[in-house]
Each structure stands twice: as C-alpha cells, then as structure tokens.
Amino acid sequence: MNKHSALLLNAVSKTYGQVKALKKVNINIEKTEFVALLGQNGAGKTTLFQLLTGLFNSDEGEIRVCGNDIRCKPIPALSSIGVVFQQATLDLDLTVYGNLKFHCLLHGLSRKEAEIRIDDELARFGLQDLKDKIVRNLSGGNRRKVELIRALLHRPKVLLMDEATVGLDPESRHSLVEHVRSLCRERNMAVLWSTHIVEEVQSADRVIVLHKGQILAESTPKQLVEESSEPAFTLADAFLQLISHNKNTGVVYE
Ligand code: ATP
C-alpha cells in the first residue's frame, strides 16, 4: 500500500441477491486528492459508500482508510472518515448547535472542545447566525452546509460526499463543490465526491467513471475528453460515450 493512501479499495465486490452491485472495484485516493465518482443511477455509488462507512461488509476485497482495514480496525478506520449522505440526516427539531454538539459527543469530544469547534466551523462558513435556529426552518442549501460542517467537526482525513448536492439549485451546487474543493487543499483532506452530474466533476483531480458496478475509466477530466474513442468536445460527451460503449457491462444476474 502506498504510504500516501487515504483510501484504498482492493478488488471490492458486493452482491444483493442476484445483482452484482460492485464487481472487483479498485480505488486508491491519496491524502490531498479530490476524486469524483461519476455514475448514472444504479451504478453502485451508494453501495460503495455504504461499504466505506461500515454500514455493510463487502462480500470480498479489502478496504483501508489511512492504512486501517475497515474490518480489523473499524474504530481508527471509521473515525478518520467524515460523511455527507445523499439523504438528509439532521434532526429537524433540534437547533443547528444541538445537531452539531450531538455529533461531537458521539466522537468523544468534551463539551468545551465541542463548543469551540462548532463556533469555529460556523464562523468559517459564515453561518454563526444560524447556531440557535431550528434546522426545520433552514433553506435546503444551509441544511447541506450544516451537514458538511458536522462531517468536519471530528477533523476527518477522508471526506465522503454521496450525491450531496441532491435538491440544490445550480448556484448552491456549484458553491458547495467549490467550498469542498478548497477545504481539501486547506486541510490536506482526501475527498471522494459521488455524483451523476457531470458539471460537478470538472474541477476534480481525477474522475472515476463507475457503471453498473465496474470502473470504466479513471483519469483527469481533461484526459477523459482527450482519450475518448470518438471525438468528444465536453466531459459529458466523453462520459456518454463510455456508458454507451459498455451497455452490456455490469450488473450481472447469475
Ligand atoms: P443512484 O444514483 O440511483 O442512487 P447508485 O449509483 O447509488 O444509484 P446503488 O444504489 O448503489 O447505485 O445501486 C446499485 C445496484 O444495486 C442497483 O442495481 C440497485 O438496484 C441494486 N441495489 C442497491 N441496494 C439494493 C438492495 N438493498 N437490495 C437489492 N438491490 C439493491
């Protein structure tokens, strides 16, 4: 294993009944990389995140977070991860502070340390005024920001964003991508950003194209366009070409 690896997946597979949702997936993300996982509905993105967050075990293969095997050393592995899920998971009836404090206490921070970190993160996002607001009364964009803040409070080395822009308008989506992009640089944090929206991956260091459980390509956004088998003018063209050339790949019914 590369000593700079923040996240390593080695031949990871997951099957639901007869559906092979992930088939021998290999991914290696370095400590400061922003990697986009691009795939259509059903590609296997959420399944991959469920394995990375310890919700399910893979059927085969190895997952390491900062060198720690997720099965043998789940505590150091999982505590190195921050995650924003596709579905909102804030308690709508608690205040922003209440939600954030709960997360800090779960991660073993003292009340004093929790308060310092929460105030600090809210200030960085310019959201100090929301501290005592009930989450139910926030806009969708601000709820997502609060979820991102929550994911950062325990200072993870790897940030997982699972289709985190769902429900946001284009401007809020763009601003969330840019914000996470800059956090990645500032905090030397690895980011895995999953999406089916091509515009969101333009500024990634690397794009991994996942289709029906298999990786079809892995390259910089520029190279994906340049290396497509037919002329492609945009990343969206290159992505659609890859998908259409691999219609028969993937989910296998045995
Ligand atoms: P989306 O963008 O629609 O959320 P995705 O890329 O996250 O899609 P997954 O949700 O991981 O894809 O699904 C991958 C495949 O596994 C699909 O064929 C899906 O129908 C199947 N699948 C996912 N979860 C289950 C489950 N609990 N039981 C059976 N099949 C499942």
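Each ligand, and each atom within it, is numbered from 1 in the order the structure gives.
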- [ ] Side-chain contact test, heavy atoms from C-beta onward, threshold under 4.5 Å: evaluate it for V84 versus V180 and give yes or no.
- [x] no

TODO: Using a 4.5 Å cut-off on heavy atoms from C-beta on, say whether the side chain of T195 contacts that of L38.
DONE: yes

- [ ] Starting from the C-alpha separation in whole Å, work towards a yes-or-no answer on salt bridge (Lys or Arg N to Asp or Glu O under 4.0 Å) for E147 and R144.
- [x] CA-CA 5 Å; E147 294 200 271; R144 287 271 100 170; 2.7 Å; yes

- [ ] Just jot down the ligand 1 atoms closer than 4.0 angstrom to any heavy atom of T46, in number order.
- [x] 4 (O), 5 (P), 7 (O), 10 (O), 11 (O)

TODO: May I ask whether Q86 places a heavy atom under 4.0 Å from ligand 1?
DONE: yes

Task: G39, G17, G213, G42: member with heavy atom nearest to atom 17 (C) of ligand 1 - done: G42

- [ ] Just jot down the ligand 1 atoms closer than 4.0 angstrom to any heavy atom of A43, in number order.
- [x] 5 (P), 6 (O), 12 (O)

Open item on the list: Quick one, R173 with D169, criterion salt bridge (Lys or Arg N to Asp or Glu O under 4.0 Å). Give me CA distance, side-chain angles, the key distance, then yes/no.
Closed with: CA-CA 6 Å; R173 242 177 32 218; D169 61 44; over 6 Å; no

TODO: Say whether G44 and ligand 1 are in contact under the criterion: heavy-atom distance to a ligand atom below 4.0 Å.
DONE: yes

Open item on the list: Distance under 4.0 Å to a non-hydrogen atom of E163: what atoms of ligand 1 satisfy this?
Closed with: 1 (P), 2 (O), 4 (O)

Open item on the list: Here's one to test your reading of the geometry: is the NZ or CZ of K14 within 45 degrees of the ring axis of Y16 and under 6.0 Å from its centre?
Closed with: yes

Task: Minimal non-hydrogen separation, L78 against G54, with atom names - done: CD2-N, 4.0 Å

Open item on the list: If the cut-off is 4.0 Å to any non-hydrogen atom of K45, which atoms of ligand 1 fall inside it?
Closed with: 2 (O), 5 (P), 6 (O), 7 (O), 8 (O), 11 (O), 12 (O)

Open item on the list: Test of understanding: given a 4.0 Å heavy-atom threshold, classify the contact between H196 and ligand 1 as side chain, backbone, both, or neither.
Closed with: neither

Open item on the list: Are any of the N/O atoms on A21, whether in the backbone or the side chain, positioned under 3.5 angstrom from an N/O atom of ligand 1?
Closed with: no

Task: Distance filter under 4.0 Å to Q40 heavy atoms, resulting ligand 1 atoms - done: 6 (O)

Open item on the list: Show, in sequence, the C-alpha distance, side-chain angles and deciding distance for K31 and K157, and conclude whether the side chain to side chain contact (heavy atoms under 4.5 Å, CB included) test is met.
Closed with: CA-CA 7 Å; K31 283 178 181 164; K157 301 275 182 245; over 6 Å; no

